[in-house]
Amino acid sequence: MSLLPILRYPDPRLHKVAKPVTVFDERLKRLAADMAETMYDAPGVGLAATQVDVHEQVIVIDVSDAHDELRVFVNPEIVWASDERQVYDEGCLSVPGIYDGVERPARVRVKAKDAEGKVFELDCEGLLAVCIQHEMDHLKGKVFVEYLSPLKRNRIKTKLLKEEREQKKQQTKKVAA
């Protein structure tokens, strides 16, 4: 297993739409394992393949406190969503340090395949419901900040681009020293 680099907003690759997985093989299992290791290391509770520049419909999620309930969703689709909605402060490994409220259905039922290709359905609520919807947005090329006002989105983009420039300056100084 190995850690994968996580794309940072506003990287345009985050807006690519992921393709369905058609082959369930060792490569897919290795991708899911590498994504899980990357998610735990970050640390986060969910990661979509899009965020690691793999444009296939694969998501890993673990919302447990002990980090021992890893779930892999391949080709996920929401087959039911509640009318009841909730606002949850969301964050994202591709948008580090930024959290803001996003309104979504409070409960969803997701149909997906596991890494072996077996179909399953799962009823989700609370953080798991938020997480599955957030990660599925990534597969559609959407980042959670796109739910925010244009003003907030531009402030976030400016802040992250400035941080990236500062990091590059620091790396350049270290190399020159």
Side-chain angles (χ1 to χ4, degrees), residues 1-19 31-65 67 69-78 81 85-106 108 110 112 124-172:
M1 292 192 302
S2 60
L3 295 177
L4 304 169
I6 298 173
L7 300 177
R8 285 179 54 131
Y9 181 80
D11 191 308
R13 293 172 290 179
L14 288 168
H15 298 294
K16 284 187 177 179
V17 176
K19 293 184 175 8
L31 172 63
D34 289 348
M35 287 173 59
E37 184 178 355
T38 302
M39 174 190 71
Y40 288 131
D41 182 71
V45 295
L47 187 69
T50 301
Q51 293 176 271
V52 293
D53 203 20
V54 177
H55 303 283
E56 297 176 36
Q57 294 180 9
V58 181
I59 294 170
V60 294
I61 294 176
D62 187 345
V63 296
S64 69
D65 291 334
H67 305 297
E69 295 177 21
L70 179 68
R71 299 175 192 267
V72 177
F73 299 83
V74 180
N75 301 336
E77 58 180 297
I78 292 176
R85 299 182 68 79
Q86 69 180 8
V87 175
Y88 202 94
D89 259 1
E90 295 187 25
C92 181
L93 297 177
S94 291
V95 192
I98 305 295
Y99 299 87
D100 212 317
V102 175
E103 184 179 298
R104 298 183 185 273
V108 295
V110 63
C124 308
E125 61 184 4
L127 180 57
L128 182 57
V130 171
C131 195
I132 192 71
Q133 294 173 82
H134 174 110
E135 301 307 333
M136 286 180 68
D137 276 351
H138 279 299
L139 300 181
K140 299 172 192 163
K142 189 169 186 173
V143 181
F144 91 96
V145 296
E146 292 170 43
Y147 288 100
L148 308 178
S149 71
L151 178 63
K152 278 187 180 181
R153 203 167 41 248
N154 284 333
R155 284 183 178 164
I156 291 167
K157 185 185 285 188
T158 300
K159 178 182 183 214
L160 293 176
L161 288 171
K162 182 180 177 187
E163 286 175 6
E164 191 175 320
R165 280 193 304 274
E166 290 299 317
Q167 285 175 349
K168 284 181 181 175
K169 263 192 220 175
Q170 294 300 324
Q171 289 171 348
T172 303

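All values below were derived from every heavy atom in this structure, side-chain atoms included, with hydrogens, water molecules and symmetry-related copies excluded.
Listed by first then second residue, pairs satisfying salt bridge (Lys or Arg N to Asp or Glu O under 4.0 Å) with a partner in residues 87-97 read Glu90-Arg104, not counting sequence neighbours.
Using a 4.5 Å heavy-atom threshold, the side chains of Asp100 and Val145 count as separate. A 4.5 Å side-chain heavy-atom check between Gln170 and Gln167 finds every atom pair outside the cut-off. Between Pro10 and Ile156, every side-chain heavy-atom pair lies at or beyond the 4.5 Å cut-off. Under the 4.5 Å side-chain criterion, counting only non-hydrogen atoms from C-beta, Leu70 is in contact with Met39.
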Side-chain polar contacts of residues 41-49 - donor-acceptor pairs under 3.5 angstrom, sequence neighbours left out - could you list them?
none

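Under a 3.5 Å cut-off, the side chain of Ser94 and the backbone N or O of Gln51 do not form any donor-acceptor pair. Between the side chain of Arg71 and the backbone N or O of Ile61 there is no donor-acceptor pair closer than 3.5 Å. A distance-only check finds no donor-acceptor pair linking the side chain of Glu37 to the backbone of Asp34 [under 3.5 Å].
Scanning for ring-ring contact (aromatic ring centres under 6.0 Å, His included) contacts around His15 gives an empty result, with sequence neighbours left out. By the salt bridge (Lys or Arg N to Asp or Glu O under 4.0 Å) test, Asp62 pairs with no residue at all, sequence neighbours left out. With sequence neighbours left out, Tyr99 forms a ring-ring contact (aromatic ring centres under 6.0 Å, His included) with no residue at all. Contacts of Glu163 classified as salt bridge (Lys or Arg N to Asp or Glu O under 4.0 Å), with partners at least two apart in sequence or in another chain: Arg8, Lys159. For the ring-ring contact (aromatic ring centres under 6.0 Å, His included) test, residues two or more places apart in sequence or in another chain that qualify with Phe144 are His134. When the salt bridge (Lys or Arg N to Asp or Glu O under 4.0 Å) test is applied to Arg85, the partners found at least two apart in sequence or on another chain are Glu103. Shown here are the side chain to side chain contact (heavy atoms under 4.5 Å, CB included) partners of Tyr88, two or more places apart in sequence or in another chain: Gln86, Leu127, Val130. The side chain to side chain contact (heavy atoms under 4.5 Å, CB included) check on Asp53 picks up Leu7, Arg13, His55, with sequence neighbours excluded. For Lys162, the salt bridge (Lys or Arg N to Asp or Glu O under 4.0 Å) criterion is met by no residue, not counting sequence neighbours. For Val110, the side chain to side chain contact (heavy atoms under 4.5 Å, CB included) test picks out Phe73, Pro76, Leu122, Cys124, Ile132, Met136, with sequence neighbours left out.
Taking NZ from Lys152 and CD1 from Ile98, the interatomic distance works out to 10.5 Å, rounded to the nearest 0.5 Å. Here the CD atom belonging to Gln133 is positioned 10.0 Å from the CG atom belonging to Leu128, to the nearest 0.5 angstrom. Annotation: the span from Ile59 atom CD1 to Thr50 atom OG1 amounts to 8.5 Å, rounded to 0.5 Å. Atoms CG and CG, on Asp137 and Leu14 in that order, are 12.5 Å from each other to the nearest 0.5 Å. In this structure, the separation between CD on Glu164 and CG on Asp11 is 8.0 Å, given to the nearest 0.5 Å.
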> How far apart are the C-alpha atoms of Lys169 and Arg165, what are their side-chain angles, what is the distance that settles it, and do they pass the side-chain contact (heavy atoms from CB on, under 4.5 Å) test?
Replying inline: CA-CA 6 Å; Lys169 263 192 220 175; Arg165 280 193 304 274; 5.6 Å; no
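A cation-pi arrangement is present between Lys142 and Tyr147 under the rule of less than 6.0 angstrom and at most 45 degrees off the ring axis.
Of all heavy-atom pairs spanning Ser2 and Thr38, the tightest one is O-OG1, 3.9 Å.
Counted within 6.0 Å of CD on Glu77, heavy atoms from surrounding residues, nucleotides or ligands total more than 12; the atom is thus considered enclosed.
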